[in-house]
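Notes for the one structure printed next.
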There are 2 protein chains.
Amino acid sequence: MDRRSFIRRAGTVGAGAAASALASPAVAQEYPKITWKMTSSFPKSLDTIYGGAEDIAAHVSDATNGNFVIQTYEAGEIVPGVQAADAVSAGAVDAAHTCSYYFWQKDPTYAIGTALPFGLNARLTNAWFYQGNGNKLMNEFYATQGILGLPAGNTGAQMGGWFRKEINTLDDLKGLKMRIAGLAGKVIEKIGVAPQQDIPVNGVYDALNKGTVDAAEWVGPYDDLKLGLQKIAKYYYYPGWWEGGAVVHAFFNLEKWNALPKSYQAILGDACAFANTNMLAKYDVKNPQALKDIVQQGVTLRPFSQEIMEACFQAASALYADLSKSNDYFKRIYEDQVAYKKDAYLWMQLSEYTFDTFMMIQQRAGKL
Amino acid sequence: MDRRSFIRRAGTVGAGAAASALASPAVAQEYPKITWKMTSSFPKSLDTIYGGAEDIAAHVSDATNGNFVIQTYEAGEIVPGVQAADAVSAGAVDAAHTCSYYFWQKDPTYAIGTALPFGLNARLTNAWFYQGNGNKLMNEFYATQGILGLPAGNTGAQMGGWFRKEINTLDDLKGLKMRIAGLAGKVIEKIGVAPQQDIPVNGVYDALNKGTVDAAEWVGPYDDLKLGLQKIAKYYYYPGWWEGGAVVHAFFNLEKWNALPKSYQAILGDACAFANTNMLAKYDVKNPQALKDIVQQGVTLRPFSQEIMEACFQAASALYADLSKSNDYFKRIYEDQVAYKKDAYLWMQLSEYTFDTFMMIQQRAGKL
């Protein structure tokens, strides 16, 4: 389904009288003055991920000659980062810019919105959301929470995080305490790691420095460098198999979304689409230099061993089977995504993979 | 530079009196009734690539309550596909949806807008356009042509095309006539292939069937299947090294763009950003099934040999060195893209590549 029909359909979910009343042809009514609050789950200091909310606000303002204003707030300013979904559901704020998987403990279906461990990469995530069933299915679930959600940022495949000692085998991981977000916590629990999920971003450095945790993941080179993690852990692992293409969502209070004029829904939808692409572009331009800086500071880059990757993959598959037994939304959406994933990774093996592989070989040979 | 500041800056290029006059606060003036014509270089039958123009038109209409109408026309309906840039430059149409590289013979700088052989993949193309210098530099060039251009579609890495016989060595390629688009024609000429560039999409099947050409490339499985190429050539090669992430551009007549209200520029900019992401999503959802259909019809998939890839890479590098000697725009924009490419493919080797590789191995093992 394309985005437009998605938005049109979403607009009919309990739209009721408010939207109809606004369907009058009078221009002033079509472009009413509206001011919304959008709370971010991120600090302003992380210009990449916080920037998504700013992009949305700026584009909506530009498109409406300043009539539709979205005020953005950093985490904690009006709502704590981890309460963003509740605040939107309750209508305490109109909107949030957040990662859906922060709320997986309310319902694991939330986790699918951002990324499932061993899920889709960023490009295939977009395909599933925009042209597969992703947006449609996730919004059937979000509607049960009083929320409408649109992808509004992506980090790409994240790094696997910072470790104070080298990790080669499953035994090396056993008993480690690791700061990790989302459903991945349940996965690493199965292989003997103790996940720490209550540490907000501005507490990650201290937790790792003081030894409250032995390892921590955040996003990737550019953001991690800002947190200073390279100063206190010398092994930087990849890939972040739990976030192959993590989505940052714009959440809107469903009733307020439905009450918007159709033109504002269209404008907001496209502003989110822009933010979605632009955030990934920002990461892809800023991460390379940050990676070089990190390596120059003496950090060692290491891939997770095949043993670790395979054990985590099996643990993730077992977890999804468990969750599917008790949660119908999770089961239905997970199965839809897996069906697409099988086809998508078949297709990506041909031109994309061989093109990229050839280019990377030239890059390493210094021939680009 | 982000898209918004890009659009703002683009809006100041020779904006003149028209835009200023429209800056009045009266709502009706801010949302004037405008009807534009957009000519596509593609036939309506290719819903993927023609669909980009339809996405733009639909989103702009929705965002303006139908006040800003963009009428889309397929190739040949009002302007032949290969004359789209000239028609926009001259103001014969307001806009086009086309591949910039179709016009490389006017100036090879046009080729960079779509994709250079051995250039960037789709994701890195977005990064370079939105957050690198891509949009800024290309629009300095497009402005000399009376055009403003925005990415408004991407095909991803294309396939390498259809061959009637197996191609293993450079000798196998010598003397072949191949239908191929863009600057790639100059590259394959250097290794002894005769490029045929005057064959429009609806002539590809006949040319290959009658033996006017020995090989032909178009896009990828979904589009190629529609053309029926699998019926007349049994070898389907990959990757399309000349189009690692081919952009389809929206071209706007620069004066008409500058005369738009700022809100319409913002709306049109975001509609193009949506179309850009949505087209790639459509390909990534439709190509896998089409690929399976093609294989079921008895087609053999083959990667180009390392010998062929390396010879083409060297030929492309030599061509860029030549073009840079005589064309300042080409030189400056090419060098900027290469600088980014070196960094980008360094970064993509870590999490992205190892994540995708692991997932593809699971896909092949039937474990997804």
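Note on naming: letters A, B, ... go to the chains in the order of the sequence lines (proteins, then strands), and numbering restarts at 1 for each one. Keep in mind that what you see is a predicted model, and the values were worked out from it rather than measured.
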Ignoring hydrogens and geometry beyond distance, is a side-chain donor-acceptor pair present between B:N154 and B:Y283 at under 3.5 Å? no
Non-hydrogen atoms of chain A under 4.5 Å away: do they reach the side chain of B:L280, the backbone, both or neither? side chain
Pick one: which of A:W218, A:Y236, A:Y238, A:Y237 meets ring-ring contact (aromatic ring centres under 6.0 Å, His included) with A:W162? A:Y236
Side-chain donor or acceptor of B:S61 paired with backbone N/O of B:A57 under 3.5 Å: no
Side chain, backbone, both or neither of B:L291 within contact of chain A (heavy atoms, under 4.5 Å): side chain
Best-contacting candidate, B:T277, B:N276, B:L124, B:L301, against chain A by heavy atom pairs under 4.5 angstrom: B:T277
Who among B:Q158, B:Q314, B:K367, B:M309 has the most heavy-atom pairs with chain A under 4.5 Å? B:M309
Checking A:R302 now: which residues fulfil salt bridge (charged side-chain N to carboxylate O under 4.0 Å, His left out) with it, not counting sequence neighbours? A:E166
May I ask you to name which of B:Y340, B:F358, B:W128, B:F304 has the most heavy-atom pairs under 4.5 Å with chain A? B:F358
Max heavy-atom pair count under 4.5 Å with chain B, selected residue of A:N126, A:N121, A:D284: A:D284
Taking A:Y31 for the side chain and B:T64 for the main chain, is one N or O donor matched with an acceptor at less than 3.5 Å? yes
Most heavy-atom pairs under 4.5 angstrom with chain A, which of B:S263, B:A290, B:G160, B:G220? B:S263
With chain A as the partner, which of B:I361, B:V338, B:V285 has the greatest number of non-hydrogen pairs under 4.5 Å? B:V285
Counting heavy-atom pairs closer than 4.5 Å to chain A, which one of B:T125, B:N65, B:I267, B:L120 comes out on top? B:N65
Only counting residues at least two apart or in another chain, list the ones meeting side chain to side chain donor-acceptor pair (under 3.5 Å) with B:Y264. none
Side-chain contact test, heavy atoms from C-beta onward, threshold under 4.5 Å: evaluate it for A:F68 versus A:I70 and give yes or no. yes
